[in-house]
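These numbers come from the heavy atoms of this one structure, side chains and all, not from hydrogens, waters or symmetry mates.
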Amino acid sequence: MQALETILSCRQNKELKTGDNNAKESRFQQNRGVMMANKQKPARKNASVPSENSVPAPLPLDPSLEVNLQELGKRIGQSSDVVFRRFTNESLSSLALAFVYIDGLVNADVVNQTVLQPLLETVTLKSESITATDAFRMIKDQILPIGGVKEGKTLEALLSMLFDGYTLILFDGLQMALAADTSGWEKRSVNEPTSQGVIRGPKEGFTESLRTGTSMLRRRLKTSDLRIEEYKIGQRTQTGVALVYLDGIASEQVLKEVRRRLNAIHTDSILESNYIEEFIQDGGLTPFPTIQNTERPDAMAGGILEGQIGIIIDGTPFALLAPSTFFNFFQSSEDYYQRYDISSFLRLIRYGAFFVSMLLPALYIAVTTFHQEMLPTTLLVSLAAQREGVPLPALAEALLMELTFDVLREAGVRMPRTIGPAISIVGALVLGQAAVQAGLVSAAMVIVVSFTAISNFVIPSLAIANSIRLIRFVMMFIAATLGLFGIMSFLMVLLIHMAGLRSFGVPYLSPVAPMVPRYLKDILIRVPLWSMTMRPKTNLGKETRRQGPDQKPKPAEGKNSQESGQPKPQGEDPA
Amino acid sequence: MNIHKKILIPLLCLPLLSTLLTGCWDARELSELGITSGSAYDWENNQWKATYQVINPSSGSSGMGGSTGGSTSSPPFVTFTVKGRTIMEAIEKTNLTSTREMFFSHSRITVLGESVAKHGINQLIDMFLRKQDARETVYVFITKGEAGNILDQLMQLSKNQGAGVQLMIEQESRLISYYPGVQMFELAMALSSESGSAVLPEILLTGTEIMDETTETGRTDLKTRLALGRLGVLKGDQLMGWLSQKQAFGLSFMTDKIKTATIAFSSKPKSGDKPDASYILQKSKTIVHPKWEQDHYVIDIDIKGSGVLSEVGSVMDLNDRTSITEMEHSIEQQVLELVNNSWKEIRTLGADVTGFAVRIHRSDRKRFKQIKKAKNWDSTFQEIEIRPHVSMKIERTGLSNKSFESVHEK
């Protein structure tokens with residue numbers, strides 16, 4: 001099948017030379033993708049891949065309008081939302097035209113006012129002498145008051161434009177067609193991000209529209225260095241994916257790698273950014289995410305300014321940022337919108353919460369079953385008193401409660417909003433209070449589990465918070481078998497694993513391991529902005545200056561003394 | 001794909017294996033533990049008699065009033081008394097009567113009966129140093145009668161009696177400084193040092209009746225309470241005798257163990273010796289310096305202290321510098337007397353609890369080696385002459401200048 005595709009793509013390439021702008025981009029990417037795939041794994045060529053030819057041979061248009069329309073109808077299968085409008089009235093004109101557009105993808109007003117109306121009103125078209133070629137030229141150059149007018153020569157090119165909301169204008173007797181950009185579908189308006197809220201800072205989030213996303217970034221980064229590369233990924237979904245970066249700041253190597261991986265994606269559908277994330281992220285089996293996702297254009301702009309590469313995916317408000325290190329997941333965009341001292345404090349709290357969330361139940365199990373001598377006596381006695389009537393061993397108790405919480409949490413996400421309070425009452429009162437009173441679990445365990453759960457929500461990135469949700473359970477088992485020794489050993493294993501991870505070539509724990517002391521300014525704490533003069537190279541990139549060296553605000557004394565200093569020596573010299 | 005599976009399946013099975021291990025090894029659930037807060041040892045009929053005080057968690061002996069199942073009628077702790085030819089044999093025998101495994105890591109005090117102190121305590125110290133969950137930081141006490149009785153006594157304000165006694169001794173050594181609390185490792189260190197002597201504070205019951213019923217602690221004034229008494233002096237591993245609290249106080253000055261202390265003294269020594277003023281000693285430093293003089297050792301003891309006047313009962317104007325100096329003199333005299341008194345008793349007991357042997361060993365190694373060789377340290381110790389020099393300063397006189405007595409006179 002792959003071989004077939006290569007042949008096909010060659011044919012496509014030939015065609016591309018003769019024009020057709022729109023098709024060029026998407027096809028080109030696809031071909032590259034196919035070729036890359038072939039290059040990468042030549043062994044696959046003969047392997048029995050499910051033969052599903054989703055890229056049919058491009059079919060040039062037929063001179064006959066009827067044939068073309070029939071072919072189009074065949075391809076689309078008479079779907080009810082596709083509007084075919086024939087425009088052949090012998091009494092008006094000898095010219096046979098047809099419009100095709102998809103209702104819902106086009107803005108009806110635009111179609112009516114800028115396509116239909118001018119065509120209907122133009123007198124010259126009605127004269128009998130006009131040829132199809134002249135009409136084509138005339139419509140394209142003079143009549144259509146629309147910015148994006150493209151030509152299409154193959155059915156496939158036209159179809160892909162049709163699905164982008166273009167209105168096709170087919171001519172009888174021509175092997176070319178026009179496509180006018182009339183796209184306009186119902187979109188969600190720009191709203192406050194639901195998953196990454198801030199107290200101070202911009203309140204707008206990405207929407208499902210790719211174009212809105214790129215425009216938000218353009219508005220924030222008004223520099224000619226901003227590059228937006230678009231890809232169409234997914235044979236059936238043809239999802240628009242935009243690579244956004246700053247030329248000269250993003251590392252070329254990383255960029256190359258991202259492009260290579262994007263091109264290598266060979267899939268049916270991309271419905272959400274996680275599809276892309278899973279296809280391109282490093283360390284497929286690690287619990288730790290190596291790509292950030294964000295709903296906030298400002299966070300994305302911040303990342304791009306630091307040399308990260310943004311990936312916006314059409315159809316989802318969650319965009320990706322890569323390469324991402326472990327510490328990126330603890331940086332919230334609000335850190336930079338608040339004073340540095342409170343930001344630093346909050347960041348330390350986040351790291352603390354990270355460890356609490358990962359280790360607290362495990363520590364509780366380890367200490368109460370192995371290391372009772374480590375607790376203060378009064379605490380030990382009160383814990384012992386609480387555990388007196390509890391039928392389960394500490395591990396089972398902890399597992400039970402942790403699983404209960406995860407069930408509650410999942411229920412909270414799924415359940416309709418109207419019955420939300422009911423679940424919280426059942427969860428908090430029935431499971432928390434009553435379980436303790438019934439003697440099923442100890443009160444301390446409830447405290448441990450709730451604190452663990454709350455700590456988990458402190459971490460700004462849901463991606464890393466989710467990863468430790470699972471690690472927590474492993475930790476609990478290990479704590480119950482090996483105690484604190486086991487916890488330490490497993491932490492070592494985790495650390496070694498993390499030190500070995502890379503995100504697009506960037507060590508996952510950088511700049512802590514490998515240590516670059518001057519990049520620690522924005523890791524555990526956040527130093528004042530004026531002190532972060534250099535932009536940390538995203539390791540493989542280059543280090544560039546972000547702001548002037550002496551930006552610390554101070555009274556204008558120095559300047560004054562300079563100004564007043566000049567006359568001074570003159571006055572003093574004689575004395 | 002197949003290779004992946006081959007690796008993956010065992011990998012996934014590993015955590016499953018670990019679940020089989022749970023409950024093995026030394027994992028202990030809290031509800032299986034008998035948390036011991038104190039232990040007492042007696043020597044009876046050539047056998048060790050050990051008494052253990054085990055906290056009863058459900059009575060809320062955490063002191064915070066444990067919320068679950070707290071019934072006030074059940075005692076905050078229970079005691080087990082067991083006998084055995086060795087200490088461990090006795091301990092293991094508790095498992096014949098107790099529902100819970102003894103857990104010694106939270107033990108706070110160890111009480112030695114006089115019988116054990118006379119028999120020798122080396123074996124006991126060895127057990128404490130050797131056994132994994134026995135803490136060397138337990139406070140050690142000595143008692144005149146049977147040690148087990150001490151652990152039966154209920155305490156007010158602190159349900160966990162062992163912890164309560166620990167608080168008592170810590171408070172005592174911090175606020176009165178009659179004698180410092182002695183922890184097991186300190187006892188072991190003192191006995192193994194050159195001087196080979198140690199002191200142990202005495203713990204006693206103020207009455208004859210033991211308050212061991214929870215209903216009895218309902219009273220405001222208990223008939224019998226636990227109290228700290230004299231200071232037992234051990235030499236080798238045996239009890240030699242006792243120092244009274246005053247003598248112990250003098251010893252504290254000699255060994256630089258004073259943290260804060262209150263000294264009662266006569267504000268006008270000329271007109272009478274009756275103490276009518278108090279002085280809170282806040283800082284005290286003792287420097288011991290031995291030197292050989294002809295045929296015996298002379299120990300210079302420099303005691304320097306400073307503190308606050310807290311009570312004056314005579315007619316006195318504190319603005320007058322001379323009266324302050326006079327009082328300082330009186331305090332110094334008072335301390336001197338304490339030290340001399342203490343030394344006299346120590347010499348009679350012949351136990352070097354002052355640690356002079358350590359000092360001499362450090363400053364004069366050659367001669368000390370000779371003494372050791374000749375094995376006449378005891379006689380050398382008897383010949384030691386001490387020269388205490390005391391300097392006490394009154395740094396502040398409190399909030400009023402004249403004594404109220406003098407205001408009243410006018």
I need the single residue from A/Thr368, A/Thr369, A/Val390 that forms a side chain to side chain contact (heavy atoms under 4.5 Å, CB included) with B/Leu30. Which is it?
A/Thr368

Looking at B/Gln132, I want to see if its CD is surrounded by more than 12 non-hydrogen atoms of other residues, nucleotides or ligands under 6.0 Å.
no

Counting only heavy atoms not in B/Arg130 (residues, nucleotides, ligands), do more than 12 fall under 6.0 Å from its CZ?
no

To the nearest 0.5 Å, how far apart are NE2 in B/His106 and CG in A/Leu379?
9.0 Å

So which of A/Gln437, A/Glu388, A/His371, A/Met374 has the biggest tally of heavy-atom pairs under 4.5 Å with chain B?
A/Glu388

Determine the minimum heavy-atom distance between B/Pro57 and A/Val381, stating which atoms define it.
CB-O, 3.8 Å

In short, A/Arg387 meets B/Glu29 closest at the heavy-atom pair NH2-OE1, 2.8 Å

Just so I understand: if I count every heavy-atom pair under 4.5 Å between each of B/Arg135, B/Arg108, B/Glu32, B/Arg28 and chain A, which residue has the most?
B/Arg28

In sequence, state the C-alpha distance, the side-chain angles, and the governing distance for B/Ile55 and A/Thr377, and then conclude on side chain to side chain contact (heavy atoms under 4.5 Å, CB included).
CA-CA 10 Å; B/Ile55 294 175; A/Thr377 312; 4.2 Å; yes

Tell me, yes or no, whether the heavy-atom count around B/Leu157 atom CG, taken from other residues, nucleotides or ligands under 6.0 Å, exceeds 12.
no

Output the distance between atom CG (B/Leu33) and atom CG (A/Leu383), rounded to the nearest 0.5 Å.
11.5 Å

Heavy-atom proximity to chain A below 4.5 Å, by part of B/Phe103
side chain

Can you confirm whether B/Met189 is buried at CE, in the sense that more than 12 heavy atoms of other residues, nucleotides or ligands lie under 6.0 Å from that atom?
no

Would you say CZ of A/Phe451 has more than 12 non-hydrogen atoms from neighbouring residues, nucleotides or ligands within 6.0 angstrom?
no

